[in-house]
Amino acid sequence: MRKLLNGNQAFAYGCFIAKVSFFAGYPITPSTDVYEFFEKEMPMRGGTFVAAESELAAVNTILGATIAGARAVTVSSGCGFSLMQEGISYAAGDFVPLVLLNVMREGAGLGDIPRSQGDYDQMTKGGGNGDYHCIVLSCSSMKDCVEAPAKAFELAEKYMNPVIVTYDSDVAHTMEYVDIPDEIFDKGSAYYDLKSFSRDYARKKLKFVLSGENTPPRYIQNVYYHNKDYDRILADKYDDIEKNCQVADEYRTEDAEIIFVAFSTCNRICLEVVDVLRDKEIKAGLITPVSLYPFPSSTFAKIIASGHVKKFVCVELNILKQMTKDIEYAVKFRVPVETIHSMSTCPTVDEIVYSEVINNV
Amino acid sequence: MYDMQCPGCGHRTAMMLIDQTIDELNIKNKIIVGLDVACCSLLIDELRYDAVMCPHGRVLPVCNGIKKVQHDKIVISYMGDGAAYAIGTNEMIHAAHRNDDALCIVTNNGLFAMTGGQIPPSAFDEKAFDIVPLLKNMDIPFLARETLSNRENIYNCRKYMKEMFESYMTNGGFHLLELLSPCPTNNHMSVKENVEYINVTVSKILKCGRFI
Ligand code: SF4
């Protein structure tokens, strides 16, 4: 069914495609639409909605639901997402496949609600205590938002690691037509009946699920406690993730001399910038890092090896050039990397097309 | 059993009482335990049940998540006073307010034991944190307190525990049993002195009995 949805609603429908049957959360702009959506839809479909007393309770409630075998999500933004770091760090330490959505808002502390990408480092480099990474998936279109939850759960359950889906508040509130499978609206379909999935016997057999019936009993605690070779287990896990989970979309990069790198709102603008520049016979292209961690370094290596690129331009919404640093690391300083950035003021297409960055090519 | 605990520790007694109740009611294959961190987390390796070590003070949200998915299971939330009455008070009050299906057992020794006996907000002084007035008027099916000191009181704990499990299995809802417990190590007392201290001093500050 074709529906006009904003990013948050698209993500929420995507959760039903991924058979999410449990939501716990605490509202905060700009992620609140997801909360509102589940408040209404979860009880209708036999799923569970918990209005948690805080973000701490929300993330820990979905931690419990996950280890009981359901697919559960929570969502937050800004300072609310910071409170969730406790549960995320625990999930990483305990190898629990937690999935969360962070709709980024502006600034440190309370900040404000416009689009921003200042949580980039928090999500990709850690955020909570200890030696861990979350897999981070970015969304730029409503279609990405619909597809992200299924991808996120697949990765989380494969690597037993928390996965964060993220986009900024402009993607959260932009509306676009997007296709949702008909089964999601069909009361008779297995996608509609969430109760049977969360109580599915097969899921209780998954290796991380506590069913009360395991012999010998199963304990969920930090990997450090029950594995002597946890050093190797952790190193292998993150090596595997870094090798196999890099995802990037490329747009007109085949012969591009100037390649933009951007995700979420900036990505939507850069798509147009590339077309405008191509019309002006400037060979421009765009890389969209879909996985922010692991950062898609292999895509950069491949493009550099083909020899046509003269510079990368990162367009991002933070002051500290957070993603630019990852690009510099990926290109190993063999190609110059420039940045167009601001905390929350997105450059327009014209501002980029007529900027110095382009004139210098 | 439960050899990680110091001699005379209330956690060992509490966990043994839980074991006995579970055996008596023959529900061993329905149990999932959420444990808090610190001294009570040391129990995990000897538990006969599936268990999860929860973040400090978040046992109730984690157990709420488990119970809401596995409705037919008995999910025990086991914690100390740091989790229940310091870092996790918010979670405790709201779990009770929502009347979540919870079987909450708090072993209260009035100090931060694992870190070496520091004073918590729930210390056994004249302003001791008393959960009873806070929960007494809530719509919950079970609220009781007893001391893990002399024999009669421990029998009483056992009785409360059985009542609590039975009530949870038939009606659900929020159940809280607080056990005032010795920690001889950090009180720098012999086991006998510590038991005496709980019987004489602590039970005057925090009144025992079944309140709901
Ligand atoms: S320190 Fe206290 S609470 Fe901890 S195990 Fe020893 S007696 Fe028990």
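Atom set for the values below is all heavy atoms of this structure, side chains included, hydrogens, waters and symmetry mates excluded. A note on names: the letters A, B, ... follow the listed sequences, proteins ahead of strands, and every chain is numbered from 1.
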Would you name the heavy atoms of B:Val69 and A:Ala70 that are closest together and state the gap between them? CG2-CB, 3.6 Å
If you draw a 6.0 Å radius around CG in B:Asp139, do more than 12 non-hydrogen atoms from other residues or ligands fall strictly inside? no
Bottom line for A:Glu213: the part with an atom under 4.5 Å from chain B's heavy atoms is both
Decide if atom NZ of B:Lys136 counts as having more than 12 heavy atoms of other residues, nucleotides or ligands within a radius under 6.0 Å. no
Of the non-hydrogen atoms in B:Pro61 and A:Ala57, which two are nearest, and what is the gap between them? CB-O, 3.6 Å
Does CG in B:Leu25 sit with more than 12 non-hydrogen atoms of other residues, nucleotides or ligands closer than 6.0 Å? yes
Step through the shown structure and confirm whether more than 12 heavy atoms of other residues, nucleotides or ligands are within 6.0 Å of NZ on B:Lys30. no
As an exercise: rank A:Ile62, A:Asn222, A:Thr61 by heavy-atom pairs under 4.5 Å with chain B and give me the winner. A:Thr61
In terms of heavy-atom pairs under 4.5 Å, which option from B:Pro55, B:Ser41, B:Gly34, B:Cys54 contacts chain A the most? B:Pro55
For B:Tyr49 and A:Tyr219, work out which heavy atoms get closest and say how close. O-CE2, 3.5 Å
Measure B:Lys67 against the heavy atoms of chain A and call it side chain, backbone, both or neither at under 4.5 Å. neither
Please indicate whether A:Asn129 has more than 12 foreign heavy atoms, meaning atoms of other residues, nucleotides or ligands, lying under 6.0 Å from its CG. no
Enter the distance from B:Asn90:CG to A:Leu56:CG here, rounded to the nearest 0.5 Å. 8.5 Å
Given heavy-atom pairs under 4.5 angstrom as the criterion, report whether the side chain, backbone, both or neither of B:Leu47 touches chain A. both
Side chain / backbone / both / neither for A:Ala58 at chain B, heavy atoms under 4.5 Å: neither
B:Lys73 portion near chain A, given a 4.5 angstrom heavy-atom threshold: side chain
Closest non-hydrogen atom pair, A:Arg218 against B:Asp50: N-OD1, 2.9 Å
Residue by residue, scan residues 94-104 of chain B and write down, ordered by number, those that have a heavy-atom distance under 4.5 Å to chain A; if none do, write 'none'. B:His94, B:Arg98
Please evaluate residues A:Val209 and B:Gln70 with respect to the criterion side chain to side chain contact (heavy atoms under 4.5 Å, CB included), reporting the C-alpha separation (whole Å), side-chain torsions for both, the decisive distance (0.1 Å), and the verdict. CA-CA 11 Å; A:Val209 170; B:Gln70 305 226 8; 4.0 Å; yes
If you count heavy atoms of other groups shown closer than 6.0 angstrom to CE of B:Met4, is the number above 12? no
Counting only heavy atoms closer than 4.5 Å, note whether A:Phe22 contacts chain B via side chain, backbone, both or neither. side chain
With heavy-atom distances below 4.5 Å as the criterion, would you say the side chains of B:Met53 and A:Ile220 are in contact? no
Quick check: are there more than 12 heavy atoms from other residues, nucleotides or ligands sitting under 6.0 Å from OH of A:Tyr224? no
With a 4.5 Å cut-off on heavy-atom pairs, point out which of A:Ser211, A:Ala24, A:Pro216, A:Gly87 contacts chain B the most. A:Ser211
Where does A:Ala52 contact chain B at under 4.5 Å (heavy atoms): side chain, backbone, both or neither? backbone
OH/A:Tyr26: more than 12 non-hydrogen atoms of other groups inside 6.0 Å: no
Max heavy-atom pairs within cutoff under 4.5 Å with chain A, candidates B:Ile31, B:Asn64, B:Asp45, goes to B:Asp45
If I take atom CD1 from residue B:Ile32 and atom CG from residue A:Leu210, how far apart are they, to the nearest 0.5 angstrom? 5.5 Å
For the OH atom of A:Tyr90 and the CZ atom of B:Arg58, what is their distance to the nearest 0.5 Å? 9.5 Å
Portion of A:Ser54 that has a non-hydrogen atom of chain B nearer than 4.5 angstrom: side chain
What's the verdict on side chain to side chain contact (heavy atoms under 4.5 Å, CB included) for B:Ile44 and A:Gln221, showing C-alpha distance, side-chain angles and the deciding distance? CA-CA 9 Å; B:Ile44 195 167; A:Gln221 53 183 331; 3.6 Å; yes
